Amino acid sequence: SYSVLGAALLWFGWFGYNGVSSVAENARGGLTIVNTNLSASAAGVSWAIVDYIFKKRVSALGIAVGSVCGMIAMTAGCGFCPAWSSIIIGFCGGAFSNLFVTLREKYHLFDDSLDVFGCHGICGTWGVLATGLFAYSSDITSEVNGAF
């Protein structure tokens with residue numbers, strides 16, 4: 001479908017967005033691309049798992065939305081978090097976002113027809129918090145480490 005094609009194009013474009021945001025043509029730039037890919041993949045999987053648990057079905061559109069949620073969650077710390085943490089950040093971001101969207105639909109909490117807040121608000125907030133948990137210092141960043 002066109003939605004999956006759009007998500008694939010967005011995923012490809014996000015590599016440029018996050019890769020250029022690192023402002024470095026070195027290993028940091030490569031790390032941002034790896035983190036973006038791992039996080040998006042993990043979020044797509046977690047979105048599918050939550051869909052299966054609550055709705056007893058998995059859809060390509062759901063996996064595409066979950067992947068975008070993973071990229072949103074990883075954007076804040078894509079150049080400052082180790083690669084293993086991007087899997088956790090993406091997986092939790094996809095799950096949190098899907099749970100929020102599912103609960104909003106079930107209880108009719110407020111009108112968010114395109115689930116913009118469910119994806120961008122929830123995953124963006126989680127990504128900023130997760131950056132504080134998983135960021136590490138190096139020769140480029142400050143001397144402050146994350147919690148883990």
Side-chain angles (χ1 to χ4, degrees), residues 1-22 27-138 141 144-148:
S1 86
Y2 288 123
S3 298
V4 175
L5 176 63
L9 291 171
L10 190 61
W11 195 328
F12 179 73
W14 220 287
F15 289 146
Y17 176 72
N18 280 353
V20 171
S21 294
S22 68
R28 173 69 47 92
L31 178 67
T32 62
I33 293 172
V34 168
N35 281 349
T36 300
N37 198 39
L38 288 174
S39 179
S41 301
V45 169
S46 69
W47 189 285
I49 290 171
V50 172
D51 265 354
Y52 186 76
I53 291 170
F54 286 103
K55 301 175 184 174
K56 301 296 184 223
R57 62 181 170 84
V58 176
S59 68
L61 180 61
I63 294 171
V65 171
S67 297
V68 172
C69 288
M71 291 183 278
I72 293 166
M74 196 64 231
T75 296
C78 63
F80 305 101
C81 296
W84 61 266
S85 69
S86 65
I87 298 170
I88 297 169
I89 293 169
F91 193 89
C92 292
F96 294 160
S97 181
N98 195 345
L99 288 171
F100 180 84
V101 168
T102 302
L103 291 174
R104 184 198 56 78
E105 290 172 351
K106 181 177 181 180
Y107 295 112
H108 305 291
L109 298 175
F110 56 89
D111 183 28
D112 188 14
S113 60
L114 298 176
D115 295 324
V116 174
F117 183 78
C119 292
H120 288 82
I122 299 299
C123 287
T125 303
W126 162 243
V128 169
L129 294 173
T131 299
L133 293 174
F134 296 112
Y136 66 96
S137 67
S138 69
T141 62
V144 179
N145 285 323
F148 300 112

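Note that this is a predicted model, so its numbers are computed, not measured. These values consider heavy atoms only, across backbone and side chains, with no hydrogens, waters or symmetry-generated copies.
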Testing the basics here: between [X] and [Y], what is the closest heavy-atom pair and its distance to 0.1 Å?
X    : Y    : value
A60  : V4   : CB-CG2, 4.0 Å
V116 : D112 : N-OD1, 3.1 Å
I72  : G124 : CG2-N, 3.8 Å
A130 : I89  : CB-CG1, 3.6 Å
G66  : A43  : O-CB, 2.9 Å

Is any side-chain heavy atom of [X] less than 4.5 Å from a side-chain heavy atom of [Y]?
X    : Y   : answer
F54  : L99 : yes
L38  : M74 : no
T125 : F96 : no
S86  : V34 : no

Below 30° counts as parallel, above 60° as perpendicular, anything between as tilted: where do the rings of F117 and F110 land?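 If you compare the ring of F117 with that of F110, the planes turn out perpendicular.
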Quick one: [atom1] on [X] to [atom2] on [Y], what's the gap to the nearest 0.5 Å?
X    : Y    : atom1 : atom2 : result
N18  : L31  : CG    : CG    : 10.5 Å
T131 : W126 : OG1   : CH2   : 9.5 Å
W11  : N37  : CH2   : CG    : 5.5 Å
R104 : D115 : CZ    : CG    : 4.5 Å
L129 : C92  : CG    : SG    : 11.5 Å

Side-chain donor or acceptor of [X] paired with backbone N/O of [Y] under 3.5 Å:
X   : Y   : answer
N35 : C81 : yes
S39 : M71 : no
R28 : G79 : yes
N98 : W47 : yes
S97 : G94 : no

Do you see a donor-acceptor pair shorter than 3.5 Å between the side chains of W14 and T75?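 Judged by distance alone, the side chains do pair up.
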